[in-house]
Amino acid sequence: MRRGLGAVLGARVVGVRVRRRDVLVVPGDPMGGWSRQGAERPRPRRYTGSMLLDGHELVETARRGKRMALIGRSADGERRAIEIGLGMTGWVRILPARAHTPDHAHVIWKLGDGRRIAFVDARRFGGVWAWDTEDDLRAHWEATLGPDALTVTGPTLRVRLARASRPVKAALLDQRVVAGVGNIYADEACFRAGILPQAIASELLSDRVARLAGSLRAILRDSIREGGSTLRDFRDAEGAPGGYQHGHLVYGRGGEPCSACGRALEQGTVAQRTSVWCASCQTG
DNA sequence: CTTATGACCTGATAGC
DNA sequence: TGCTATCAGGTCATAA
């Protein structure tokens with residue numbers, strides 16, 4: 001999705017419309033984060049268009065784990081950033097001029113060339129963060145997200161799992177440990193590495209952790225090449241579904257024969273999430 | 001400090 | 001056809 005967003009680089013933002021304020025977090029809002037839940041959430045701060053890159057030229061895209069950003073440069077050279085998290089159903093769509101506005105388009109950036117960028121999210125688990133500067137965003141990522149799973153190395157992952165007394169799948173899903181792994185790819189990576197998702201992370205020997213890191217890199221690389229996994233909602237910036245769901249070896253296949261040994265895949269709950277594994281090919 | 005749990009939302013689907 | 005229950009790709013505050 002980030003790569004698709006590259007198509008707007010060089011364009012100028014000529015207007016921003018926030019149709020649902022509760023997906024938006026601006027500087028000064030509590031937590032700088034996802035504190036939109038709960039009965040007594042503090043009143044959100046006011047925002048201005050320029051906080052959302054109005055009038056800025058779009059100069060760069062960025063990503064770390066599941067977080068994506070658009071960097072804008074103002075007339076006086078200041079670089080601001082908009083961070084986007086997709087949650088489960090969110091997406092960012094580039095709308096051609098005069099295209100119909102999709103349902104649940106909560107924030108819309110109007111571009112000088114007539115196109116629009118829409119943050120769309122039916123379930124609203126995703127959000128949009130406005131950062132005063134690009135540096136603020138980078139610092140936030142550095143503080144809250146582990147190394148990106150697409151490039152994580154065995155030694156790095158080993159250090160980060162060494163102190164985790166929880167199931168390895170729970171650690172993989174923790175974005176501070178490694179950024180970018182969700183429920184699908186956690187199961188796929190454990191399967192390809194021959195590791196049970198419920199194995200205690202700190203007990204894995206280093207060669208197995210190295211294999212897990214390699215599995216993560218390979219799976220994410222392959223999935224990106226296929227445009228991601230579309231179970232139902234996911235689309236890229238142009239609206240096209242991904243194709244990697246056909247490459248899943250375990251996710252969504254509980255009860256089906258294991259692709260490696262033929263034994264029926266087990267399905268259960270690990271780390272409070274539906275999980276699928278092969279009891280023969282994967283060990284603790 | 002680390003880990004587990006419930007809550008946050010909407011929409012698709014299955015079963016009656 | 002229409003109702004209800006269940007489930008889903010994520011992350012947070014709070015409890016333990």
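Each chain gets a letter, A, B and so on, in the order the sequences are listed, and its residues count up from 1. The analysis underlying the following values was restricted to heavy atoms, covering all of them including side chains, and did not include hydrogens, waters or symmetry mates.
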* To do: Take A:R253 and A:S259, measure what side-chain hydrogen bond (donor to acceptor under 3.5 Å, both in side chains) needs, and give me the verdict at the end.
  => CA-CA 10 Å; A:R253 296 184 176 277; A:S259 57; over 6 Å; no
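Residue-level contact check: A:Y185 touches neither bases nor backbone, having no heavy atom under 4.0 Å from any strand. Base contact: A:D233 has a heavy atom under 4.0 Å from a base atom. Note on A:Q175: only backbone sugar-phosphate atoms sit closer than 4.0 angstrom, heavy atoms only; bases stay farther off. Nucleic acid contact for A:A271: none, since no nucleic acid atom lies under 4.0 Å from a heavy atom of the residue. Using a 4.0 Å heavy-atom cutoff across all strands shown, A:T89 reaches no nucleic acid atom at all.
Nearer the 5' end of DNA chain B, as judged by each residue's closest nucleotide, is the contact made by A:R166, out of A:R20 and A:R166. Comparing A:H104 and A:R163 along DNA chain B, the residue whose closest nucleotide (by nearest heavy atom) sits nearer the 5' end is A:R163.
Following rounding to the nearest Å, A:L145 (CG) and C:dG10 (P) show an atom-to-atom distance of 14 Å. The interatomic distance linking A:L172 (CG) with C:dG10 (P) rounds to 12 Å, in whole Å. In this structure, A:I200 places its CD1 atom 13 Å from C1' of B:dT2, rounding to the nearest Å. The distance from atom CD of A:Q272 to atom P of C:dA15 is 17 Å, rounded to the nearest whole Å. To the nearest angstrom, C1' of B:dC9 lies 10 Å from CG of A:D22. C:dA8 atom P lies 9 Å from atom CE of A:M88, rounded to whole Å. In this structure, the CG atom of A:D121 is 9 Å from the C1' atom of B:dT10, given to the nearest Å. For A:L173 and C:dA8, the CG to P distance is 14 Å, given to the nearest whole Å.
For the P atoms, the distance from C:dT6 to B:dG6 is 16 Å, rounded to whole Å. Atom P of C:dT14 sits at a distance of 15 Å from the matching atom of B:dC9, rounded to the whole Å.
Contact check on A:R225 versus A:D222 returns a salt bridge, with a Lys/Arg side-chain nitrogen under 4.0 Å from an Asp/Glu carboxylate oxygen. Salt bridge A:E238/A:R235: absent, no basic N to carboxylate O contact under 4.0 Å.
A stacking contact links A:F125 to B:dC8: the aromatic ring centre lies within less than 5.5 Å of the base's six-membered ring centre, and the planes differ by less than 30°.
Pairing of B:dC9, defined by two Watson-Crick or G-U wobble distances under 3.5 Å, is not identified with any nucleotide. With a cut-off of 3.5 Å on both Watson-Crick or G-U wobble distances, the partner of C:dG9 is given as none.
Closest approach of A:R273 to A:N183, counting heavy atoms only: CB-OD1, 3.4 Å.
Contact between the side-chain N/O atoms of A:K66 and the OP1/OP2 oxygens of C:dG9 is not found at any separation under 4.0 Å.
Distance from the side chain of A:R124 is smallest for B:dT10 among the nucleotides C:dT11, B:dG11, B:dT10. Distance from the side chain of A:A122 is smallest for B:dG11 among the nucleotides C:dG9, B:dG11, C:dT11.
Counting atom types as modelled, A:R123 pairs a side-chain N or O with a base atom of B:dC9 as donor and acceptor under 3.5 Å.
Around the CZ atom of A:R221, the shell of radius 6.0 Å holds more than 12 heavy atoms that belong to other residues, nucleotides or ligands.
Cation-pi geometry between A:R63 and A:W141 is not met at under 6.0 angstrom from the ring centre and within 45 degrees of the axis.
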